[in-house]
Asker: 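Take a look at this one; I'll ask things after.
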Protein chains: 2
Amino acid sequence: MSVTRPSPREPVDAESKVGEDLSNHRVELRLWLRLLTCANLIEAEIRRRLRETFDTTLPRFDLMAQLERAPDGILLGELSRRMMVSNGNVTGLVERLVQEGLIERQVSERDRRAALVRLTARGAETFAAMARAHSDWVAELLAGLPIEDQKALWSRLGDLKLSVRGAISPGGPDGVLTDTIEAETKP
Amino acid sequence: MSVTRPSPREPVDAESKVGEDLSNHRVELRLWLRLLTCANLIEAEIRRRLRETFDTTLPRFDLMAQLERAPDGILLGELSRRMMVSNGNVTGLVERLVQEGLIERQVSERDRRAALVRLTARGAETFAAMARAHSDWVAELLAGLPIEDQKALWSRLGDLKLSVRGAISPGGPDGVLTDTIEAETKP
DNA sequence: GCAAAATAGTTTAAGGTTAAAAGAAATTGC
DNA sequence: GCAATTTCTTTTAACCTTAAACTATTTTGC
């Protein structure tokens, strides 16, 4: 508005996406929209670079990241749980990564319904390169924020996370345990 | 790990998704993963409730939110820009919403390539209800975080946003203008 | 005027995503 | 033992999403 030209090619971010009446000045809503904007901005750029640089996608990268931490392989179900996506989703992702020769799957001997997946040697190499680049990219994108601010942000986001989890979970002791005890290692 | 049981049904969030070597303790990476966790947690819950309560989806809600702020209608291209999604994406969303009778589209007289979309009366009503609920949901999810912390978080996320935009955009004067001048209204 | 370029949208091919239904194998409870 | 249940995974139908190719229309540059 303050600029005359109709900003012909400027995208508009999520903070203006969900409109619901500007008179509704709830802090919560503004916070959520800004959080969403930040996450989308970063995620979109990471996806773009993964595609451009490694011709791969974020879900594939995520899946391989899980496998990298489980050298002995991992069951599909566990994978789906850790990635927080549906079983069917994992089925498809695994299929494509096997196709690419980056991971391998193998039916469990003890339980013939279950299947183990793990990185292939080539998959491990490929992932190492991607993880390095990924880490650099994130550091680059956040470089404008002083390290102290980053730490403060991280800390407050921890509280936010607890708030959200608290509001979502059935309030059962299970969720509480998970949040408090396993906190940052596996929340 | 600190808990004996294998946590049979506990999902694991994004902070453990991208694994790249735990010895890499970059603050940036940890911050990004936590940010992603928070955003995903909230977004998933909002999507779930939109489906459960209104039998709709977040993209549809977003689209209607844009239309609500443009009572005189809006061009598809402008819509796609504001939503930060591709043209083709908007084509499909509009199609479905027209089908549902929530929006209407109309070819422009002056430019027969262009099409205007706007909310129908029923669409406006429906959206009003959804927006109210949406606002309440967000407030509920964030309720555990003191209002002062929310404001602080919002403020720091503003800096983060600038950092990311600065790192992404070609550094041209256009991007700078957009970021500084239009700041929160339409960045 | 009119050919070339730019612009507005749609289509297509590929992939990610889910919920729900279904299939196959293992466990459980008599 | 074996029927009922649970568990692990795949399939299906629907949607969201994009990049690239394509169509239709308008503008621009002579």
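Every chain is numbered from 1 and lettered A, B, ... according to where its sequence line falls, protein lines coming before strand lines. Since the model is a prediction, treat every value here as computed from it, not as a measurement.
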Asker: Using atom CD of B:Glu78 as one end and atom C1' of C:dG9 as the other, report the distance to the nearest whole Å.
Answerer: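 In whole Å, C:dG9 C1' and B:Glu78 CD are 15 Å from each other.
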
Asker: Counting only side-chain nitrogens and oxygens, does B:Arg105 get under 4.0 Å of the OP1 or OP2 atom of C:dT10?
Answerer: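 Answer yes for this pair, as a side-chain N or O of B:Arg105 is under 4.0 Å from OP1 or OP2.
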
Asker: Can you list the residues that meet the salt bridge (charged side-chain N to carboxylate O under 4.0 Å, His left out) rule with B:Glu109, with sequence neighbours excluded?
Answerer: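 None.
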
Asker: Which ILVMFWY residues are connected to A:Leu75, directly or by a chain of links, through side-chain heavy atoms under 4.5 Å apart?
Answerer: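 Traced through the cluster, A:Leu75 reaches A:Leu116.
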
Asker: Distance-only criterion, 3.5 Å: show the donor-acceptor pairs between side-chain atoms of residues 83-91 of chain B and protein atoms not counting sequence neighbours.
Answerer:
residue : atom : partner : partner atom : Å
B:Ser86 : OG   : B:Asn89 : N            : 3.2
B:Asn87 : OD1  : B:Ser80 : OG           : 2.9
B:Thr91 : OG1  : B:Asn87 : O            : 3.2

Asker: Any residue in residues 110-118 of chain B with a heavy atom nearer than 4.0 angstrom to DNA chain D? Just list them by number, or reply none.
Answerer: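 By residue number: B:Arg110, B:Asp111, B:Arg112, B:Arg113.
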
Asker: Which sits closer to the 5' end of DNA chain D, A:Glu95 or B:Glu109, going by the nucleotide each is nearest to?
Answerer: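 The answer here is A:Glu95.
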
Asker: Taking atom C1' of C:dA26 as reference, at what distance in whole Å does atom CG of A:Leu75 sit?
Answerer: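 Those two atoms, CG and C1', are 14 Å apart.
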
Asker: Taking only residues two or more places apart in sequence or in another chain, which ones pass side chain to side chain contact (heavy atoms under 4.5 Å, CB included) with B:Ser155?
Answerer: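 Applying side chain to side chain contact (heavy atoms under 4.5 Å, CB included) to B:Ser155 gives none.
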
Asker: Checking A:Glu100 now: which residues fulfil side chain to side chain donor-acceptor pair (under 3.5 Å) with it, not counting sequence neighbours?
Answerer: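 So A:Glu100 forms a side chain to side chain donor-acceptor pair (under 3.5 Å) with A:Arg60.
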
Asker: Round to the nearest Å and state the distance from A:Leu97 atom CG to C:dG15 atom P.
Answerer: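 Atom CG in A:Leu97 sits about 11 Å away from atom P in C:dG15.
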
Asker: Could you pull out all residues at least two apart from B:Ala115 that satisfy side chain to side chain contact (heavy atoms under 4.5 Å, CB included)?
Answerer: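 Side chain to side chain contact (heavy atoms under 4.5 Å, CB included) check on B:Ala115 returns B:Leu76, B:Arg105.
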
Asker: Any protein N or O atoms within reach of nucleotides 17-21 of chain C? Criterion: under 3.5 Å, listing atom names and distances.
Answerer:
residue : atom : partner : partner atom : Å
C:dT17  : OP2  : A:Asn89 : ND2          : 3.3
C:dT17  : O5'  : A:Asn89 : ND2          : 3.1
C:dT18  : OP2  : A:Ser86 : N            : 3.0
C:dT18  : OP2  : A:Ser86 : OG           : 3.1
C:dT18  : OP2  : A:Asn89 : ND2          : 3.0
C:dA19  : OP1  : B:Arg51 : NH2          : 3.4

Asker: Base, sugar-phosphate or nothing for A:Thr57? Non-hydrogen atoms, less than 4.0 Å.
Answerer: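 If one applies the 4.0 Å heavy-atom cut-off, A:Thr57 turns out to touch the sugar-phosphate alone, with no base involved.
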
Asker: Please confirm whether A:Phe61 and A:Phe54 have ring centers closer than 6.0 angstrom.
Answerer: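 They do not qualify: ring centres at least 6.0 Å apart.
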
Asker: Sequence neighbours left out, what passes side chain to side chain donor-acceptor pair (under 3.5 Å) with B:Asp111? Give chain and number order.
Answerer: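 Counting only residues at least two positions away or on another chain, B:Asp111 forms a side chain to side chain donor-acceptor pair (under 3.5 Å) with B:Arg113.
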
